[in-house]
2 protein chains.
Amino acid sequence: MSTTNYQKHHCPIAQALAELGDQWTLLIVRDALIAGPRRFNEFQESLGISRNLLTLRLAQLCASGILERVPITDTKRHAYAPTQKCRDLQIVILAMAEWGEKWRTDPDIHHLEILEKSTGRPVTVQYIQTEDGKIVDPDNIEVVRHGISNEP
Amino acid sequence: MSTTNYQKHHCPIAQALAELGDQWTLLIVRDALIAGPRRFNEFQESLGISRNLLTLRLAQLCASGILERVPITDTKRHAYAPTQKCRDLQIVILAMAEWGEKWRTDPDIHHLEILEKSTGRPVTVQYIQTEDGKIVDPDNIEVVRHGISNEP
DNA sequence: TTATAGAGTTCAAAAATTGAACTAAATGGG
DNA sequence: CCCATTTAGTTCAATTTTTGAACTCTATAA
């Protein structure tokens, strides 16, 4: 997670990727979101990440407030729980999952169904108009950058 | 972009991250999406990535059909243009941008405004019900994994 | 109380990334 | 058409990351 280069572009995407854009961070976040509070060894076994790097990544995720060390009741052990900042990443990760399914190469890929908890109805990630909540076609999107010289 | 470990989880998120999850790939994609067809040196100067690694990443992105080498008219030079697979990543990247702005640490961060091209109206990335297009609260989302043993 | 599981730490080897210099083809100006 | 410059890379040593395996030091369980 080198902060060397694209950190300095004052771009929210570059900022996000400075925090999330390495090999493992988003997978750790996925694990934390989908499996709930998880412990060191659970992450390690589920991901196959090397243990010293996991130590480092968990520390960084805690430092940036994406995960939180929480005690496990009745023990002196602890787990890593997703914070609100982490839960706010769920839509990013699910948008990525939808992309991964649409453009899959592995035919055995798992299907992730996104449901509304209260009704069980299927849900997708889409562009919607802020004012009236109407769905907007992805090809009909334009991005305007404010406070900018010439770069993304 | 090591295909070593999390590739083998048949998870669409892991699949997506195997294609996108290194330091530079999503920044290259962002550049290609926001700035349109771009040339080698433009990527290099905008990102500050080392040239040999850029060569490698562009080759991988072309190989996986996210970018396409297109000739520039009236010259023998070429640029790298986003494909549909790349344009389908825009929602992922903009979801990430919204997260980056919400949780920004850099106060000088640029604001990205997402607009509907045809009307100029503001747009956000949201969960919506597939059936009736109604917006769903992010805290009211549940993910069900199909075809799965025990891992994400 | 003793064995085992959990949560790391240590450190050498391997892999990825950088940075700087080097090429060869394409283009532009005179 | 010729020469200088730009473009799009390539090469390679030095640095930085990541891995993998073994080790340590509590907790917990029997």
Side-chain angles (χ1 to χ4, degrees), chain A residues 1-9 14 17-29 31-32 35-64 67-81, chain B residues 1-9 14 17-29 31-32 35-64 67-81:
Chain A
M1 208 161 349
S2 86
T3 12
T4 43
N5 251 313
Y6 54 93
Q7 178 79 285
K8 63 169 173 265
H9 303 265
L17 286 171
E19 248 176 290
L20 308 168
D22 84 292
Q23 220 68 227
W24 291 109
T25 301
L26 278 174
L27 279 167
I28 294 170
V29 166
D31 257 40
R38 277 204 125 169
R39 302 162 72 153
F40 186 90
N41 278 359
E42 293 177 309
F43 282 117
Q44 203 277 320
E45 280 154 30
S46 147
L47 298 174
I49 184 176
S50 66
R51 304 176 69 78
N52 56 351
L53 189 54
L54 178 57
T55 301
L56 183 58
R57 290 288 173 264
L58 288 175
Q60 291 169 330
L61 284 163
C62 288
S64 64
L67 295 181
E68 202 181 7
R69 256 175 91 125
V70 295
I72 297 175
T73 36
D74 294 339
T75 76
K76 283 178 180 169
R77 297 256 157 84
H78 59 274
Y80 298 87
Chain B
M1 206 163 348
S2 85
T3 13
T4 42
N5 252 315
Y6 53 95
Q7 179 79 285
K8 63 170 175 265
H9 303 265
L17 286 172
E19 249 176 288
L20 308 168
D22 83 292
Q23 221 68 226
W24 292 109
T25 300
L26 278 174
L27 279 167
I28 294 171
V29 166
D31 257 40
R38 276 205 127 169
R39 301 165 69 155
F40 186 89
N41 279 357
E42 293 177 311
F43 282 117
Q44 204 277 318
E45 281 154 29
S46 147
L47 298 175
I49 183 176
S50 66
R51 306 174 68 77
N52 56 351
L53 190 54
L54 178 57
T55 301
L56 183 58
R57 290 288 174 265
L58 289 174
Q60 291 170 329
L61 284 164
C62 287
S64 65
L67 295 181
E68 201 181 7
R69 255 175 93 124
V70 295
I72 296 175
T73 37
D74 295 337
T75 77
K76 282 178 178 167
R77 298 257 156 83
H78 59 274
Y80 297 88

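Chain identifiers are assigned alphabetically (A, B, ...) following the order of the sequence lines, protein sequences preceding nucleic acid strands; residue numbering begins at 1 within each chain. No hydrogens, no waters, no symmetry mates; every other heavy atom, side chains included, goes into these values.
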Below 4.0 Å: OP1/OP2 of C:dA20 and any side-chain N or O of B:S50: no
Check whether any side-chain nitrogen or oxygen of A:T75 sits under 4.0 Å from OP1 or OP2 of D:dT28, and answer yes or no. yes
Can you see which heavy atom on [X] is nearest to which on [Y], and at what distance?
X     : Y     : answer
B:R39 : B:A79 : CG-CB, 3.9 Å
B:S64 : B:E19 : CB-OE2, 3.4 Å
A:S46 : A:D31 : OG-OD2, 2.8 Å

In whole angstroms, how far is the [atom2] atom of [N] from the [atom1] atom of [X]?
X     : N      : atom1 : atom2 : answer
B:D74 : C:dT27 : CG    : P     : 10 Å
B:L47 : C:dG19 : CG    : C1'   : 16 Å
A:Q60 : D:dT17 : CD    : P     : 10 Å
B:E45 : D:dA8  : CD    : C1'   : 12 Å
B:L54 : C:dA16 : CG    : P     : 17 Å
B:L56 : C:dT18 : CG    : P     : 11 Å
A:Q23 : C:dT17 : CD    : C1'   : 12 Å
B:L53 : D:dT17 : CG    : P     : 14 Å

So, the side chain of A:T25 versus the backbone of A:D22: is there a donor-acceptor pair under 3.5 Å, distance only? no
Is there a donor-acceptor pair under 3.5 Å between the side chain of A:E45 and the backbone N or O of A:E42? no
Letter per nucleotide, 5' to 3', of nucleotides 7-15 of chain C [B base touched, S only sugar-phosphate touched, - untouched; heavy atoms, 4.0 Å]: BBBBB----
Applying side-chain hydrogen bond (donor to acceptor under 3.5 Å, both in side chains), can you list everything that pairs with B:R69, at least two apart in sequence or on another chain? B:H78
Can you list everything that forms a side-chain hydrogen bond (donor to acceptor under 3.5 Å, both in side chains) with A:T55? Sequence neighbours excluded, please. none
Residues which pass side-chain contact (heavy atoms from CB on, under 4.5 Å) with B:R51, listed by chain and number, not counting sequence neighbours: B:F40, B:N41, B:Q44
What pairs with B:A59 under side-chain contact (heavy atoms from CB on, under 4.5 Å), at least two apart in sequence or on another chain? none
Bending between helix ends of the helix from C:dT1-D:dA30 to C:dG30-D:dC1 [5 pairs per end, 10° resolution]: 30°
